[in-house]
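Comments concern the structure below.
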2 protein chains.
Amino acid sequence: MFSKATEYALRATIYIARKSSEENKLGIEEIAKAINSPKSFTAKILQKLTANNGIISSVRGPGGGFYLSSKAQKRPVRDILHVMEEDGVLGKCVLGLKKCSEAMPCPMHAEYKGIKQQLIQLFEHTTIQQLARDADKIIPSNKQGRH
Amino acid sequence: MFSKATEYALRATIYIARKSSEENKLGIEEIAKAINSPKSFTAKILQKLTANNGIISSVRGPGGGFYLSSKAQKRPVRDILHVMEEDGVLGKCVLGLKKCSEAMPCPMHAEYKGIKQQLIQLFEHTTIQQLARDADKIIPSNKQGRH
DNA sequence: AAAATAAAGGATATTTTTGTCCTTAATTAT
DNA sequence: ATAATTAAGGACAAAAATATCCTTTATTTT
């Protein structure tokens, strides 16, 4: 469904959300290892997600690394797709027609319409935080100890 | 969602289903023009779909061309994806994890599960013929005159 | 101030996807 | 038989996606 770059972006962001905080940043080495992605390629992707006050925050130098602000945690997953310039795939025609609409539907339009809507809703309404918490329910992270 | 090659494969097959019969075959020129795809590239794709008694039938020489047997018309759209080696995308994990299952779910698994099932059902239960007929309801083809 | 650390950024390489062109093979009509 | 037509197939080209490496910049520690 998505490019590898976008898959890495999603995995990395969720991982950072789970394991980091402003006090406990994560290095690219750890992130790439954890999400099983090529390090340098992942670094480029994080650059994109970090650029101009983006989704991920970063600090250089010793003790530096990547983290997610609590504000960023509340952003919808779709924002990640947007930065990766792949949010288009959600609304796109399955047959790849540029002009496919209610007025000019492709042969699959009627059948696919409902699924498309659900996809858009899913990525729009799900926040990064929700996914991070879901993941923690299954394999608890050690970001914060539970009392 | 799918590669261009697969989009062309779907569009071409549906077009052939609508406009051709064993008595009235279509040439690559017409097909490519109709579905707005590069001719030679589309030819390669039709070769794939034609190979070893595949979905599309073809005959060389004058009066030759491509057509769909009535048996092929009844095949599910998923068969096209299979030939294009992209039926995998339907069942694939959204985050691209190789091992994502009920037992080892990715963070999006629960949320995406239902949509994935609908996608599989859609491509499995919809036949080429159904799409061709849907399309004809909107823009009637001239394959057979209506009395 | 110097050294060490970690992300940012540029340049380049590799692989895959997309696309084109030309020749070959099969079939039909002359 | 020969010529014409049309798909099959091979070789190659271009573009995009994926991946690596090296240098630079910011920050902290010594």
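By convention in this document, chain letters (A, B, ...) are assigned in the order of the sequence lines, proteins followed by strands, and residues within each chain are numbered from 1. Just so you know, these numbers use all the heavy atoms, side chains as well, and skip hydrogens, waters and symmetry mates. Remember, predicted model here, so these are calculated numbers, not experimental data.
- Rounding to whole angstrom units, CD of residue A:Gln47 and P of D:dA19 are separated by 16 Å.
- The main-chain N or O of A:Thr127 is found under 3.5 Å from a side-chain atom of A:Gln130 such that the two form a donor-acceptor pair.
- Within 4.0 Å of A:Ile28, counting heavy atoms only, lie sugar-phosphate atoms of the nucleic acid but no base atom.
- Counting any heavy atom pair closer than 4.0 Å across all strands shown, B:Ile31 reaches no nucleic acid atom.
- Residue B:Tyr8 places at least one side-chain N or O under 4.0 Å from the OP1 or OP2 atom of C:dG19.
- To the nearest angstrom, P of D:dA19 lies 14 Å from NZ of A:Lys48.
- For B:Glu29 and C:dC21, the CD to C1' distance is 14 Å, given to the nearest whole Å.
- Of all nucleotides listed (D:dG9, D:dA7, C:dC21), D:dA7 comes nearest to the side chain of B:Phe66.
- The separation between A:Lys25 atom NZ and C:dA6 atom P is 12 Å, rounded to whole Å.
- Taking the side chain of B:Lys4 as heavy atoms from C-beta on, and the options C:dG19, D:dG9, C:dA11, the nearest nucleotide is C:dG19.
- Nearest nucleotide to the side chain of B:Lys44, out of D:dT27, D:dA19, D:dG9: D:dG9.
- Between B:Phe2 and B:Phe123, the ring centre distance stays below 6.0 Å.
- Mapping B:Val59 and B:Glu86 onto DNA chain C by nearest heavy atom places B:Glu86 at the nucleotide closer to the 5' end.
- As judged by a 4.0 angstrom heavy-atom cut-off over every strand, A:Leu26 is placed among residues touching the sugar-phosphate backbone only.
- Between the base of C:dA8 and the side chain of A:Arg60 there is no donor-acceptor pair shorter than 3.5 Å.
- Note on A:Ala5: only backbone sugar-phosphate atoms sit closer than 4.0 angstrom, heavy atoms only; bases stay farther off.
- The side chain of B:Ser58 has D:dA8 as its nearest neighbour among D:dT20, C:dT20, D:dA8.
- Following rounding to the nearest Å, B:Ile45 (CD1) and C:dT17 (P) show an atom-to-atom distance of 13 Å.
- Each of D:dA8, D:dT28, C:dT18 was ranked by its minimum atom distance to the side chain of B:Phe41; first place goes to C:dT18.
- Among the atoms of the strands shown, only primed sugar atoms or phosphate atoms (P, OP1, OP2) are found under 4.0 Å from some heavy atom of A:Ser3.
- In this structure a side-chain-to-backbone donor-acceptor pair under 3.5 Å is present from A:Arg11 to B:Leu95.
- Evaluation of the salt bridge (Lys or Arg N to Asp or Glu O under 4.0 Å) rule for A:Glu7 yields B:Lys92 as partners, not counting sequence neighbours.
- B:Lys113 and B:Glu102 are joined by a salt bridge, as a carboxylate oxygen and a charged side-chain nitrogen come within less than 4.0 angstrom of each other.
- Here C:dG9 presents its C1' atom at 16 Å from CG of A:Leu49, a figure rounded to the nearest Å.
- Side-chain polar atoms of B:Ser3 and B:Glu86 form a donor-acceptor pair below 3.5 angstrom.
- Between the OH atom of A:Tyr67 and the C1' atom of C:dA6 there is a distance of 15 Å, given to the nearest Å.
- Regarding A:Ile56, its CD1 atom lies at a distance of 18 Å from the P atom of C:dA6, rounded to whole Å.
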